[in-house]
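Atoms within a ligand are numbered from 1 in the order they appear, just like the ligands themselves. We number each residue from 1, following the sequence as shown.
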Amino acid sequence: MKILAIETSCDETAIALLEADRGLDSIGVLGNTVASQADLHAQFGGVYPALAKREHAKNIVPVLLDTLKQAGFDINVEQNNLNSFSLEQKNYLKKLFEHEPELYQIFIEHIPTITKNSKSSIDSIAVTTGPGLEPALWVGINFAKALNYVWGVPIIPVNHMEGHILSPLLNLNSSSNKKAQLPALALLISGGHTELVYVPEFGTYEKIGQTLDDAVGEAFDKVARLLGLPYPGGPHIAKLAGIDRSINPRASIDLPKPMINSGDLNFSFSGLKTAVLYMVQKLEEEAPNNTLPDTTKQNIARAFEDSVTEVLIKKVLKALDEIGGQNPIKTILVGGGVSANTFIKQGLINAVQKYDPNISVLFPTPDLSTDNAIMIGMVGILKSPLSPTGGEISANANWEL
Ligand code: KG4
Ligand code: ZN
């Protein structure tokens with residue numbers, strides 16, 4: 001079975017082609033492309049939805065062609081494309097791409113260059129329909145609908161967060177997946193979400209904790225901005241903080257660890273960001289030329305990462321305590337952009353190892369931590385036997401797991 005996966009929920013335009021014979025157990029990645037818009041959004045210090053939509057519309061066809069070329073598909077550029085679709089087809093597509101007229105043009109020019117033989121081997125199209133930025137989601141959804149119309153391939157709507165849950169399972173260097181014993185606990189830490197999810201089996205999810213305000217990735221991005229680092233800030237904070245805290249131990253900068261003792265499984269990161277803001281303002285006033293020395297910035301980055309890590313560990317261990325009993329958690333699945341953070345990763349692995357060495361903690365490879373289409377295809381593979389296309393597919397910006 002070959003599945004084409006499309007992801008446009010935020011600021012990455014991503015398409016992958018996966019092959020799977022035995023469900024999630026064996027997955028081959030035949031092609032994978034991610035076009036990031038991060039540099040463009042950097043000037044706004046965050047993702048700007050109208051710009052994200054425009055960029056997706058511009059990039060999605062080239063990203064598809066790139067992915068299919070990697071998979072060995074024939075792209076026949078000699079074809080007289082503009083006349084390949086009938087008037088009826090063109091009218092249908094024009095209506096579909098009513099809000100993305102530039103994509104209509106690129107679509108009718110380039111989609112016919114994918115020759116019949118190769119395209120007929122795609123069995124289904126998985127597309128992220130939420131959660132995410134609504135205008136951005138619609139580009140992927142309308143593109144999937146257009147392919148469904150011209151190729152006759154069914155569409156599987158995918159929840160982006162379910163993709164992040166499955167992302168640690170893929171072993172890109174081998175044809176067989178990492179085995180995750182169930183039940184599992186998922187810790188989702190991304191730019192838009194911070195959630196703890198109980199996973200009795202794949203496809204069944206129960207949210208048991210979440211942030212009450214900012215997501216942890218959002219806090220990384222905002223703190224980075226306060227320190228004068230570019231968007232997205234997570235990797236820059238991580239680099240500045242370094243991993244080895246024994247070298248140049250940080251001066252006694254202490255930041256709050258919000259809700260660490262709240263007694264529940266929820267999070268809050270906006271107070272931490274505000275604490276950094278006040279600290280930066282105070283230290284800038286005291287600094288020569290009102291400019292923070294690099295070592296001070298490094299200390300703040302470390303204190304911030306330390307606080308976040310401690311809170312995440314505390315809540316994960318609390319969840320393990322609470323779910324104990326008859327059927328305790330056997331695996332922790334960590335997903336989302338922040339799971340690329342090495343300090344958080346080491347901290348979580350060590351803490352869980354100490355708590356119970358039999359629990360395995362799985363992280364995605366760095367490529368699969370941040371947004372990508374492979375993880376969306378994995379959800380499609382999980383769902384494909386169950387979900388024939390049916391009903392109207394639309395964006396659901398706030399889709400809960
Ligand atoms: O999952 P993702 O790519 O997009 C969303 O679905 O939100 O996550 C993006 C977030 C950004 O906030 C980014 O700063 C953060 O992940 N991030 C990191 C690291 N790499 C990316 N945060 C901390 N450390 C990192 N190494
Ligand atoms: Zn994401």
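- Counting only heavy atoms of the protein, atom 22 (N) of ligand 1 lies nearest to G234 CA, 3.3 Å.
- When non-hydrogen atoms are compared, ligand 1 lies under 4.0 Å from the side chain of D221 (C-beta onward) but not from its backbone.
- Per-residue contacts place T370 under 4.0 angstrom from the following atoms of ligand 1 (heavy atoms of the residue considered): 3 (O).
- Remark: aromatic rings of F304 and F220 are close, center separation under 6.0 Å.
- Close contacts of ligand 1 with H164, meaning ligand atoms under 4.0 Å from a residue heavy atom, involve 1 (O), 6 (O).
- Ligand 1 has a nitrogen or oxygen under 3.5 angstrom from a nitrogen or oxygen of G192.
- Aromatic ring orientation, F143 versus F107: perpendicular (interplanar angle above 60°, classes split at 30° and 60°).
- The atoms of ligand 1 that sit less than 4.0 Å from any heavy atom of G217 are 12 (O).
- Looking only at protein heavy atoms, the nearest one to atom 24 (N) of ligand 1 is N341 ND2, 3.1 Å.
- Between the S369 side chain and the G336 main chain, no donor and acceptor come within less than 3.5 Å of each other.
- For H164 (side chain) and L188 (main-chain N/O), no donor-acceptor pair under 3.5 Å exists by modelled atom type.
- Regarding atom 1 (O) of ligand 1, its nearest protein heavy-atom neighbour is G337 N, 3.0 Å.
- Among the heteroatoms counted here (N, O or S) of D371, OD1 is the one nearest to the Zn ion (ligand 2).
- Ligand 1 is approached by A340 to a heavy-atom distance shorter than 4.0 Å.
- A salt bridge is absent between R54 and E102: the closest approach of a Lys/Arg side-chain nitrogen to an acidic carboxylate oxygen does not fall below 4.0 angstrom.
- Ring centers of Y205 and Y198: at least 6.0 Å apart, outside the cut-off.
- Contacts between E12 and ligand 1 below 4.0 angstrom, taking non-hydrogen atoms only, are absent altogether.
- Using a 3.5 Å distance cut-off with no hydrogens or angles, the side chains of K178 and S360 do not pair a donor with an acceptor.
- Note: F269 and F267 have parallel aromatic rings, judged against thresholds of 30 and 60 degrees for the angle between ring planes.
- Of all the heavy atoms of H193, none lies under 4.0 Å from any atom of ligand 1, so neither backbone nor side chain is involved.
- Between P232 and ligand 1, not a single N/O pair is under 3.5 Å apart.
- Using modelled atom types and a 3.5 Å distance limit, the side chains of E100 and N142 yield a donor-acceptor pair.
- The pair K315-D264 meets the salt-bridge criterion, since a charged nitrogen lies less than 4.0 angstrom from a carboxylate oxygen.
- Look at C10 and the Zn ion (ligand 2): no N/O/S atom of the residue is under 2.8 Å from the metal.
- Put simply, part of H160 is less than 4.0 Å from ligand 1, judged by heavy atoms.
- Protein heavy atom in closest approach to atom 2 (P) of ligand 1: D371 OD1, 3.4 Å.
- Put simply, H164 gets within reach of the Zn ion (ligand 2), with an N, O or S atom under 2.8 Å from it.
- A35 and V63 make their closest contact through CB-CG2, 3.7 Å (heavy atoms, listed as atom of the first residue, atom of the second, distance).
- With respect to atom 9 (C) of ligand 1, the closest heavy atom belonging to the protein is G191 N, 3.8 Å.
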